[in-house]
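Reviewing the structure listed below.
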Protein chains: 2
Amino acid sequence: MGMNRKRPVTRADIAKAAAVSETIVSYVINGNRYVNSAKRQRVLDAIETMKYKPNHFARALKGKKSNHILFIADDIEGDYFGKLIREIDSIAYRSGYFVTLCADHDDDDFVQRIYSHFFDGIIIGSAKFPLQNIQRLVDAGLPLVLLEIRDYSKVNGVYGLINTGLYQGARECVKYLYDHGRKHLLYIDRIDEKGGASAIDDWRLKGFIDQLREFDLTLTDDNIITGCSSEQAIIESVRKIFSQSHFVPDGIVGRNDYSACIAMKAVKTIGLSVPNDVAIVGFDNSRLARFSSPALTSMEIRQKEIGTIIMNMLNSLIDERASFTGRIEQYLETKLVVREST
Amino acid sequence: MGMNRKRPVTRADIAKAAAVSETIVSYVINGNRYVNSAKRQRVLDAIETMKYKPNHFARALKGKKSNHILFIADDIEGDYFGKLIREIDSIAYRSGYFVTLCADHDDDDFVQRIYSHFFDGIIIGSAKFPLQNIQRLVDAGLPLVLLEIRDYSKVNGVYGLINTGLYQGARECVKYLYDHGRKHLLYIDRIDEKGGASAIDDWRLKGFIDQLREFDLTLTDDNIITGCSSEQAIIESVRKIFSQSHFVPDGIVGRNDYSACIAMKAVKTIGLSVPNDVAIVGFDNSRLARFSSPALTSMEIRQKEIGTIIMNMLNSLIDERASFTGRIEQYLETKLVVREST
DNA sequence: CTGAAAGCGCTTACAG
DNA sequence: CTGAAAGCGCTTACAG
């Protein structure tokens with residue numbers, strides 16, 4: 001709307017003030033043609049004093065960048081994304097972008113809505129965004145960086161992929177517990193409000209399972225608590241597992257620190273001791289891990305570095321897309337921060 | 001860029017497919033003129049089958065909505081904003097908006113950059129955004145909703161203001177501690193990476209101070225720890241306060257749960273007991289409060305409701321701006337959730 | 001009831 | 001070295 005908004009300064013105003021043609025103003029702004037230096041200076045002065053900013057819509061209409069990037073995340077609230085978004089925002093701002101943040105949505109419209117807003121680039125940090133939609137975005141030539149929360153090996157084309165080490169990290173959690181004598185391991189998935197289970201191609205879950213197999217530990221449905229829609233649901237599931245006689249866990253891996261803390265609470269209410277009876281490892285190395293009691297051993301994910309790498313990759317894809325022929329990958333290591341819970 | 005992006009379907013394609021003029025397509029989409037129902041149906045069918053989405057830039061250029069709103073926050077990482085953003089995103093998506101998230105920035109360019117991106121509305125949840133910039137946005141007629149983290153009574157014009165009860169909440173924290181026999185109270189401000197102190201018009205700090213005065217408690221610089229740029233800095237400040245002889249706190253109010261947890265840690269390292277020697281109250285009622293040990297008494301801020309109210313207010317301001325003549329206010333109550341730390 | 005046309009603020013191929 | 005003009009994808013006042 002904005003019928004009562006002040007009319008913003010346009011390129012025509014600048015042209016008039018600087019006594020040059022509108023064309024000259026454009027070329028000064030875009031720096032892509034020689035312009036007489038006196039004129040250039042007049043234009044720059046006018047821009048400065050009139051506080052002119054180009055209209056991004058008009059530029060975008062002509063095929064220029066919109067200076068908006070989109071970040072699709074499925075756990076906006078968590079510590080993991082909080083840190084990531086903070087870092088991405090900070091770099092993006094310096095590069096002239098605004099970051100639009102969006103949970104992923106199931107409806108068919110979502111991808112179309114993305115198209116129609118002409119984002120310069122997209123970051124996907126969601127375990128639930130359908131692969132075929134990702135493929136559509138890649139096929140459409142949209143600069144795309146994927147956070148490898150799950151297996152994306154089936155996505156073809158030019159895009160960036162950041163392996164944040166979740167698979168190896170999950171395996172190391174299991175190894176650490178195993179090396180400390182824990183052979184009956186329980187995995188606690190995250191809370192999903194709709195009660196959905198993580199897909200088997202979720203890297204953390206897959207790492208847990210693969211490492212259990214490598215150690216020849218028995219693996220049944222009892223080893224994995226998933227599909228819980230609330231804290232209470234997790235607590236009850238944990239209590240149920242522990243009330244059985246045939247499988248009593250002595251080690252727990254949480255998909256994130258939050259899940260691990262909930263499990264810790266459940267274990268304590270049963271009257272068991274952490275870490276003596278049950279050792280617990282979380283993921284994210286968040287504030288929660290530092291202030292829980294006992295303090296939680298947790299797998300550190302370097303969100304700040306990840307943010308930097310995402311933005312570098314995305315900037316490359318946006319500015320030099322033609323120079324890439326396939327997917328670009330980058331691998332990051334995780335690191336176990338040992339505290340009192342193991 | 002996007003030189004190798006597929007050309008998106010445009011209004012002209014729809015007109016051709018539906019065998020009508022481009023004008024008709026526009027009127028069908030905008031629903032602001034009578035259109036022959038057979039034609040209308042052909043247009044709708046074409047839109048459906050060709051998955052057409054209007055180009056938002058072009059629409060915005062003609063003065064229509066951009067369908068982007070901006071959320072300026074100064075603590076993206078914290079629990080408070082995480083929940084808020086989640087709720088806002090969810091409502092915004094249903095209303096057809098994308099939410100751009102941005103930390104606040106000091107440079108002069110910031111406001112101009114906001115203008116040039118033509119957001120339909122702006123939400124400000126930052127204690128640091130300069131008042132004069134806010135006034136400029138209001139004066140320009142931009143629909144604006146302010147989260148009352150600090151005193152905005154000097155801002156004139158049409159805008160929305162949401163009083164989240166922080167001032168009363170802070171006073172109640174002090175009252176609760178006072179009623180439980182604590183008369184030597186310490187306030188822990190949040191971490192500020194640049195080492196800046198909260199302005200005195202920060203509602204939580206102001207509530208703390210005012211209530212101390214009302215109770216005739218002595219109030220010196222010793223009562224407030226601020227300007228810390230790290231956890232370690234807070235811990236050292238707390239230890240220093242406790243090492244003095246003339247003022248030994250028996251109660252602590254944290255600006256948020258994080259600050260409160262850090263203080264709790266510091267107090268424990270001194271060898272004091274929580275809550276026996278020192279009672280502690282936090283703000284946000286976050287996960288941290290539930291999983292810290294002892295579990296933290298904390299002031300609950302109803303982020304989900306706040307999110308809903310923000311979006312309702314913003315939608316009203318965007319769609320019916322003309323019907324408002326001054327600022328719209330809404331007040332929310334906070335609620336103290338008592339746990340083990342008091 | 002409906003269409004051709006002007007115009008939003010830009011960029012840049014084209015023609016000097 | 002520089003400007004007039006076409007055009008990006010829309011909306012809507014204007015003229016039938």
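Each chain gets a letter, A, B and so on, in the order its sequence line appears, and its residues count up from 1.
- If you measure from atom CG of B:Leu61 to atom P of D:dG7, you get 17 Å, rounded to the nearest angstrom.
- Checked against a 6.0 Å centroid threshold, the rings of B:Phe71 and B:Phe81 count as neighbours.
- Rounded to whole angstrom, the span from the NZ atom of A:Lys64 across to the P atom of D:dG9 amounts to 16 Å.
- Summarising the geometry, the separation between CE on B:Met50 and P on D:dG9 is reported as 13 Å, rounded to the nearest angstrom.
- D:dG16 and D:dT12 have their C1' atoms separated by 15 Å, with the value rounded to a whole Å.
- A donor-acceptor pair is defined here as one N or O able to donate and one able to accept, closer than 3.5 Å; such a pair exists between the side chain of A:Thr49 and the backbone of A:Asp45.
- In this structure, B:Tyr159 has its ring center at least 6.0 angstrom away from the ring center of B:Phe324.
- Residues A:Tyr34 and A:Tyr27 keep their aromatic ring centres 6.0 Å or farther apart.
- Between the side chain of A:Ser21 and the base of D:dA4 there is no donor-acceptor pair of N/O atoms closer than 3.5 Å.
- In this structure, B:Lys39 reaches the C:dT2 phosphate: one of its side-chain N or O atoms is under 4.0 Å from OP1 or OP2.
- Counting to the nearest Å, the C1' atom of C:dC10 and the CD1 atom of A:Ile14 are 13 Å from each other.
- Taking atom CZ of A:Arg59 as the reference point, atom P of D:dC8 lies 19 Å away to the nearest angstrom.
- Of the residues in residues 26-35 of chain B, those lying under 4.0 Å from DNA chain D by heavy-atom distance are B:Ser26, B:Tyr27, B:Asn30, B:Asn32, B:Arg33.
- Within the structure, a side-chain polar atom (N or O) of A:Tyr52 is placed less than 4.0 Å from OP1 or OP2 of C:dC10.
- For B:Lys62 against C:dG7, a side-chain N or O and a base N or O form a donor-acceptor pair under 3.5 Å.
- Between B:His117 and A:Phe98, the gap from one ring centroid to the other is short of 6.0 Å.
- Aromatic ring centres of B:Tyr97 and B:His68 lie farther apart than the 6.0 Å criterion allows.
- For an aromatic pair to be called close, the ring centres must be under 6.0 Å apart, and A:His56 with B:Phe118 fails this.
- Nucleotide C:dA13 forms no Watson-Crick or G-U wobble pair with any nucleotide shown, as no partner meets the under 3.5 Å limit on both distances.
- Summarising the base pairing, D:dA4 is matched to no nucleotide, lacking a Watson-Crick or G-U wobble pair whose two defining distances lie under 3.5 Å.
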